[in-house]
Protein chains: 2
Amino acid sequence: MTLPSTDHLTLTNVNALNAPALVRTGLGDQIRQVLIDGITSGRLQPGERIVERRIAVELGVSQAPVREALRQLEALRLVETVPNRGARVREFTEEDFAEFFPVRAGLEETAADLAVSRLAGRVEVFDGHIERLAAAEGPHVMRHSIAFHREIVEAAGNRLLRSVWESLGIEIWTTLSVRRHHTELCGKTAEHIEIADAFRRQDPRVGRLLHDHVMKYAP
Amino acid sequence: MTLPSTDHLTLTNVNALNAPALVRTGLGDQIRQVLIDGITSGRLQPGERIVERRIAVELGVSQAPVREALRQLEALRLVETVPNRGARVREFTEEDFAEFFPVRAGLEETAADLAVSRLAGRVEVFDGHIERLAAAEGPHVMRHSIAFHREIVEAAGNRLLRSVWESLGIEIWTTLSVRRHHTELCGKTAEHIEIADAFRRQDPRVGRLLHDHVMKYAP
DNA sequence: GCGTGACCTATGATCGATCATTGATCGCCT
DNA sequence: AGGCGATCAATGATCGATCATAGGTCACGC
């Protein structure tokens, strides 16, 4: 396995006074991203051990931030750890994907039910997402689609719900699932419009509608 | 603030050869429990800073496991941390409690819907819980009630759902809410029986039933 | 008086080193 | 051969020390 050189960790863009958001993030978060990239790109194979000190050396950091990153990956269910025995990249089973979508669908159903009354028909927030989704191609489709769903969760106005939803690792797991099962993504735009319409007329069935929509991604 | 003496961390029960489950837990987990106890008991007041090194000294450990414990408390939303500025006990707002129950209710609704078909009417698993709940008094009521709900989540057979449900910190947050709002707990036994019955006859409305039941705990 | 910037302190973030657990290996005995 | 305990290497868990950042303080100049 070859991880990218240490340069990936050096202060990204040492730009001169026009940085809108100075990457002011701790090492742990950066390492997490490196490992996530490694897993999604296949550089880190399922079942492969992730040895804390080896990663630390390869990235030119100490063991502590690597541990922290591993804990985050564990929360995302991308690695599994055994106490005193370390972490390894998870084998993603069919069961994992089968379990993912009912939970995601349930959360979004809850979100939709909460959002309906809160939005009170004001669905302009969705317009941009739908337009961008319609215009998107390739891997961007997934990103914009998720942005639309995230907007719904946001609209529920429940920070806990939002945080739980994010903690599922929606992007990664949906991407992994679609990639593995060759899920058809076309036609989803129409459903998004349908869902937005349901919000517009405050249809009480919008929760169920969204739930069923999400389940169509399931294997 | 006075934390319990270090003894709380020494290997619990050095019993002689009849230990069913030797407390083989890392320092981080033990420290987390100490801090949780501190928060629920009021020894640690909302808004109070939790300084890593201070706790470490008081418990006779180093900074690392304390940090780890704090991360767990953050995940349970019992403390809030600002990067480079440390952690403090959260101020539990009404909004926190108001947000908690819809999420819990939604998850359990999902669980119930999944469990109905899986149980196929075999609801014996609930009997013991209902009996113990009926016989319980005082603080035990809450514990047994949650055990019943946990059994439903378990019965859904979805490990991710189970893990997300547990990550809400059901016990703590429900306890905190009931304590603060003096929620009436009597009569909940009857509803549990009703829910078990719905499972028995595989009533498709059991999800909604459970959802509404949970929401009755809400402020 | 008040804005400014050089210090200063507290403390989180990170490091390098050590401790402790685990599974593997090896030799011995039956 | 096979079981069994001693020994060993690998590595997670923990430690003690250092680095770096966020606020606070205070003297200075306007």
Side-chain angles (χ1 to χ4, degrees), chain A residues 1 3 6-12 14 17 19 21-35 44 47-75 78-90, chain B residues 1 3 6-12 14 17 19 21-35 44 47-75 78-90:
Chain A
M1 186 206 70
L3 277 172
T6 306
D7 309 49
H8 280 239
L9 288 183
T10 56
L11 272 299
T12 0
V14 196
L17 203 58
L22 295 163
V23 247
R24 178 66 87 173
T25 170
L27 288 181
D29 295 309
Q30 295 177 251
I31 297 170
R32 178 197 60 205
Q33 199 50 49
V34 169
L35 292 175
L44 290 167
E48 188 169 335
R49 289 238 294 157
I50 301 184
V51 178
E52 297 181 357
R53 255 176 293 203
R54 188 165 56 77
I55 304 293
V57 169
E58 286 173 351
L59 297 182
V61 299
S62 85
Q63 198 182 344
V66 176
R67 265 179 85 80
E68 187 167 319
L70 284 177
R71 288 289 145 79
Q72 297 185 42
L73 292 192
E74 192 182 4
L78 295 177
V79 307
E80 52 191 354
T81 70
V82 183
N84 291 312
R85 306 251 291 99
R88 63 181 58 227
V89 181
R90 278 199 58 185
Chain B
M1 188 205 67
L3 278 170
T6 306
D7 309 53
H8 280 240
L9 289 183
T10 55
L11 272 299
T12 359
V14 196
L17 202 58
L22 297 161
V23 250
R24 179 66 88 170
T25 170
L27 288 181
D29 295 310
Q30 297 177 250
I31 296 169
R32 178 198 59 205
Q33 200 50 49
V34 169
L35 291 176
L44 290 167
E48 187 170 335
R49 288 239 292 158
I50 301 184
V51 178
E52 297 180 356
R53 256 177 293 203
R54 189 164 56 78
I55 304 293
V57 170
E58 288 173 350
L59 297 183
V61 299
S62 85
Q63 199 183 342
V66 177
R67 264 180 85 80
E68 188 167 320
L70 283 177
R71 288 288 145 80
Q72 297 186 42
L73 292 192
E74 191 182 5
L78 295 178
V79 307
E80 53 191 354
T81 71
V82 183
N84 290 312
R85 305 253 290 98
R88 63 180 59 226
V89 181
R90 277 199 58 187

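Note on naming: letters A, B, ... go to the chains in the order of the sequence lines (proteins, then strands), and numbering restarts at 1 for each one.
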Problem - Under 4.0 angstrom between A:Arg49 side-chain N/O and D:dT11 OP1 or OP2 - result: yes

Practice task
Identify, between A:Gly28 and A:Arg53, the residue whose nearest nucleotide on DNA chain C lies closer to the 5' end.
Solution key: A:Gly28

Practice task
Quickly work out the A:Ile55 CD1 to D:dT11 C1' distance and round it to whole Å.
Solution key: 13 Å

Problem - Interatomic distance, B:Glu68 CD vs C:dT14 P [rounded to whole Å] - result: 15 Å

Exercise for the section: Would you indicate what B:Arg88 reaches in the nucleic acid, counting non-hydrogen atoms under 4.0 angstrom: base, sugar-phosphate, or nothing? Expected result: nothing

Exercise for the section: Nearest whole angstrom, please: distance from the P of C:dG12 to the CD of B:Glu80. Expected result: 14 Å

Completion exercise
Between CZ of A:Arg32 and P of C:dA13 the distance, given in whole Å, is 14 Å

Exercise for the section: Without swapping roles, check the side chain of B:Arg49 against the backbone of B:Arg88 for a donor-acceptor pair under 3.5 Å. Expected result: no

Problem - A:Gln63 CD to C:dA13 C1', straight-line distance once rounded to whole Å - result: 15 Å

Practice task
Would you give the length of the straight line joining atom CG of B:Leu73 to atom CG of B:Leu44, rounded to the nearest 0.5 angstrom?
Solution key: 9.5 Å

Problem - Nearest-Å distance for atom pair CG/P, residues A:Leu27 and C:dT14 - result: 4 Å

Practice task
Can you tell me the distance, in whole Å, between the CG atom of A:Asp29 and the P atom of C:dA13?
Solution key: 10 Å

Fill in the blank from the handout: Correct closest heavy-atom pair for A:Leu35 and A:Ala69 would be CD1-CB, 4.4 Å

Practice task
State whether the distance check finds a donor on one side and an acceptor on the other, under 3.5 Å, for side chain B:Arg67 versus base C:dT11.
Solution key: no

Handout entry: Quiz item: A:Arg85 side-chain donor-acceptor pair to C:dG23 base, under 3.5 Å
Key = no

Practice task
Among A:Arg54, A:Glu68, A:Glu52, find the residue that satisfies the side chain to side chain contact (heavy atoms under 4.5 Å, CB included) test when tested with A:Gln63.
Solution key: A:Glu52

Completion exercise
With B:Leu70 as partner, the option from B:Ile50, B:Ile31, B:Leu78 fulfilling side chain to side chain contact (heavy atoms under 4.5 Å, CB included) is B:Ile50

Practice task
Starting at atom CD of B:Glu48, determine the distance to atom P of C:dT11, rounded to an integer number of angstrom.
Solution key: 13 Å

Practice task
Look at the side-chain N and O atoms of B:Ser62 and state whether any lies under 4.0 Å from the OP1 or OP2 oxygen of D:dT14.
Solution key: no

Handout entry: Closest nucleotide among C:dC15, D:dT11, C:dT22 to the A:Asn84 side chain
Key = C:dT22

